[in-house]
4 protein chains.
Amino acid sequence: MPIIVDKARKRREILEAAMRVFSREGYHRAKMEAVAEEAGIGKGTVYEYFKSKTDLFLALHDHMLAELKAFYMKELEGIRQPAAMLERFIAVAFQTFRLWEPFFLVFFDYWAEGGRGEQQTLLQTRLREAYAVARNDVAAIIAAGVKDGSLRCDNPLLAAASILATLDGLVLQWLCDRDAFDLDAMRESLTQTILRSLQP
Amino acid sequence: MPIIVDKARKRREILEAAMRVFSREGYHRAKMEAVAEEAGIGKGTVYEYFKSKTDLFLALHDHMLAELKAFYMKELEGIRQPAAMLERFIAVAFQTFRLWEPFFLVFFDYWAEGGRGEQQTLLQTRLREAYAVARNDVAAIIAAGVKDGSLRCDNPLLAAASILATLDGLVLQWLCDRDAFDLDAMRESLTQTILRSLQP
Amino acid sequence: MPIIVDKARKRREILEAAMRVFSREGYHRAKMEAVAEEAGIGKGTVYEYFKSKTDLFLALHDHMLAELKAFYMKELEGIRQPAAMLERFIAVAFQTFRLWEPFFLVFFDYWAEGGRGEQQTLLQTRLREAYAVARNDVAAIIAAGVKDGSLRCDNPLLAAASILATLDGLVLQWLCDRDAFDLDAMRESLTQTILRSLQP
Amino acid sequence: MPIIVDKARKRREILEAAMRVFSREGYHRAKMEAVAEEAGIGKGTVYEYFKSKTDLFLALHDHMLAELKAFYMKELEGIRQPAAMLERFIAVAFQTFRLWEPFFLVFFDYWAEGGRGEQQTLLQTRLREAYAVARNDVAAIIAAGVKDGSLRCDNPLLAAASILATLDGLVLQWLCDRDAFDLDAMRESLTQTILRSLQP
DNA sequence: GATGAATGAGAATTCATTCAT
DNA sequence: CATGAATGAATTCTCATTCAT
């Protein structure tokens, strides 16, 4: 009788090992062997679950985004007021800066790989889609506020893009230098600025 | 009669060739040979000017920042009003998105390399310094505005960090998807938001 | 109540699966997993019957030769006249070209492995023995003809070697290019040439 | 000034090293590193001349056939009589058995690789072409004999194919077992048989 | 007996760097 | 000075084999 293995579980373990290794060393410097070791398995086993390093990289992107989204969903659950949602959204973002540091470090590599080239790589498509989804989600909150009169905004999608950009840019800057600014002060200041700019 | 070679000039040519190659392929995928070819010289010659690929990468960072700074200086020249300077600063930033695309694509790699690790790499130090300088420059403009009463801001450094973050995040997003948002609309909207948030 | 398995039968099934896979892909490119799949069993099971890939390869050689010999025996059964036996032998050989194509394709690999090296590999010994047996068999037919005066030949063993060589060389050539020559025309021509050269 | 290297010469040296290694170990077992070592160069250098193992293998085929052909040309030079040419041709073939042993051992691999598959591999095409050329060359000699009345043959191309097959089959057999038959006796016998079968 | 998940030795290939000319 | 031929450390990926169930 064949050994019964929870393939989905092991797959996730590999993904999480990959995240740690990639975040530590960077995608290009990271060796498959290191990923295997981090996952506590043999080199060849990784290839039973992912057919190449690229494939693993891609799968990790999906995995990470799914996890991130789930985190946001959970944290935003139950909040109905658009302004409150935005405030919470920003707060959660700042939380992730600290809690999901490795996550964002890996993201550097997606940006570096995905920004490049006109060839419509799978990664590029995914990255583009992920951004579009995020923009739409945030824009939807703003639009809801506009509708119920609690917010004012001519172009919710543009505002959403801008908010996301600020958050991205802040992790970037903060990860390059933890002393660049105080996270809490920045969160308060940013929340104020954004909410004020959307005030009716 | 030795051929007199303008070493500084050739050095710059190599740097610019490297920028094109790195922006096209990414630092890790880029081959030294490709850089040499792009510069129209022999592979070995690159090593006469830069002692290693890392060294070239690092030197390119300095070169690029110097060029960028020079561009900003020129474009901001003559403007005295803090608010006007900020407006112009943002406008110039958006200009660079289009004009300096390869530049930013290479920047992805600096972020990817520099964000990582506690090891105080030379690159990391430089990146940190560059950010600090940029923050100080922008903060200085704001502080000047606060001083002459034309602007209001509790923490100019924090505001500067935030502005820079937004701009960084926007290139990132825009380079991943040129259709993410309209650059001109974004510039206008962003300028408004920022200036309004600094209104006394 | 243990499942009674016809081990010999399954063994043969694996051998035949191996023949198909080896003939398709070549011994070296063929994967044990592919053999297992072709046999409709699990990868590990192959190792219950053959202790290694080499072992399987070797066993296949024996199996194939036994099958081939049986085929010849059946086809030559009842023929007594040496000349007629030779004619039939050649005809059967040409039949096998078409009918046993995979068989010969695998043989390429035995030649490639067996021709090489002074190390007295098991395979090499087997190959040598197989050739010796075949030569003796054919030589025996010729010798019988010489004895009954229906054929003339100074050195039956040499003639046998030559006949076998021609047949081997023809499969080789024909398998490399099905359009190299017409099989039927070749068979007729060859039969004539051989029989005439052995005419008293 | 760049180092001046006789690239063609080194290429040939690598090819010859490859022939030795491939003939010794077989194409599949042979390691690129062994080829490099045999050629007295570094592993990477082989790749400066051949872009892959397959490429080297293919190039070796061409190289070997060219060398073989040159050898035949030289040895047949000056002979005009068709019968004499055939006799000489066979004699040269038997010479090569002894002199070019490694050559033929490598050929096993071409047969093993080239016989297989319907995919029109480059190697397969080359092999087919090589056979066709050889058949035509031999057939031309026979046809010349038919024309001047010194030989008789209904189908020179068929006869040529048969002669080549016999020679191929003989190397095969002989390389598998040097004691299978005496080369000289076989040569004489074969020459007789062939010439007699072509007698008017 | 049968299975297939796990493994790691092994091989092809790449590419930064050196250095003879 | 400039060059590009040579190099080998490093890395990805393959696949025969093992063995727990």
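Each chain gets a letter, A, B and so on, in the order its sequence line appears, and its residues count up from 1. Excluded from the calculations below are hydrogen atoms, water molecules and symmetry mates; all remaining heavy atoms, backbone and side chain alike, are included.
- Out of F/dT12, E/dA16, F/dA5, the shortest distance to the side chain of A/Tyr47 is found at F/dT12.
- The base of E/dG1 is not paired with the side chain of C/Lys7 by any donor and acceptor separated by under 3.5 Å.
- Nearer to the 5' terminus of DNA chain E, by closest-nucleotide assignment, is the contact made by C/Ile41 (compared with the other of B/Arg29 and C/Ile41).
- Atom CD of B/Glu16 sits in a crowded spot, with more than 12 heavy atoms from other residues, nucleotides or ligands closer than 6.0 Å.
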Watson-Crick or G-U pairs under 3.5 Å in DNA chain E, rendered as dot-bracket with [ ] for crossing pairs and | for another strand: .||||||||||||||||||||

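- In this structure, D/Phe22 and D/Tyr27 have perpendicular ring planes: the angle between them is above 60°, well past the 30° mark.
- DNA chain F is contacted by both D/Thr45 and A/His28; D/Thr45 maps to the nucleotide lying nearer its 5′ end (nearest heavy atom per residue).
- At the phosphate of E/dG1, neither OP1 nor OP2 sits under 4.0 Å from any side-chain N or O atom of C/Tyr49.
- For the pair B/Glu33 CD and F/dT7 C1', the computed distance is 14 Å after rounding to whole Å.
- Comparing D/Ala30 and C/Gly44 by the nucleotide of DNA chain E that holds the closest heavy atom to each, the one mapping nearer the 5' end is C/Gly44.
- Put simply, the side chain of C/Lys31 and the base of F/dT14 share no donor and acceptor less than 3.5 Å apart.
- For C/Ser52, the side-chain atoms get nearest to F/dT17 when compared with the rest of F/dT17, F/dT7, F/dC13.
- Of the two residues near DNA chain F, B/Gly42 and C/Tyr27, the one whose nearest nucleotide lies more 5' is B/Gly42.
- Each of F/dC13, E/dA6, E/dA16 was ranked by its minimum atom distance to the side chain of A/Lys10; first place goes to E/dA6.
- Between C/Glu113 and C/Gln124, the shortest heavy-atom contact is O-NE2, 4.0 Å.
- Counting only heavy atoms from C-beta on, C/Glu48 has its side chain closest to E/dA2 among E/dA12, F/dA6, E/dA2.
- For A/Lys53, taking side-chain heavy atoms from C-beta onward, the closest of the listed nucleotides F/dT12, F/dT17, E/dT17 is F/dT12.
- The aromatic rings of B/His61 and B/Phe107 lie tilted to each other, with the angle between the two planes from 30° to 60°.
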Apply ring-ring contact (aromatic ring centres under 6.0 Å, His included) to the pair B/Tyr110 and B/Phe57, showing each step before the final yes or no. CA-CA 9 Å; B/Tyr110 290 111; B/Phe57 188 54; 4.3 Å; yes

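- Shown here for D/Asp109 and C/Ala112, the closest heavy-atom pair between the two residues is OD1-CB, 3.9 Å.
- Note: NZ (B/Lys43) to P (F/dA6) measures 11 Å, nearest angstrom.
- D/Glu13 CD: more than 12 foreign heavy atoms inside a 6.0 Å radius.
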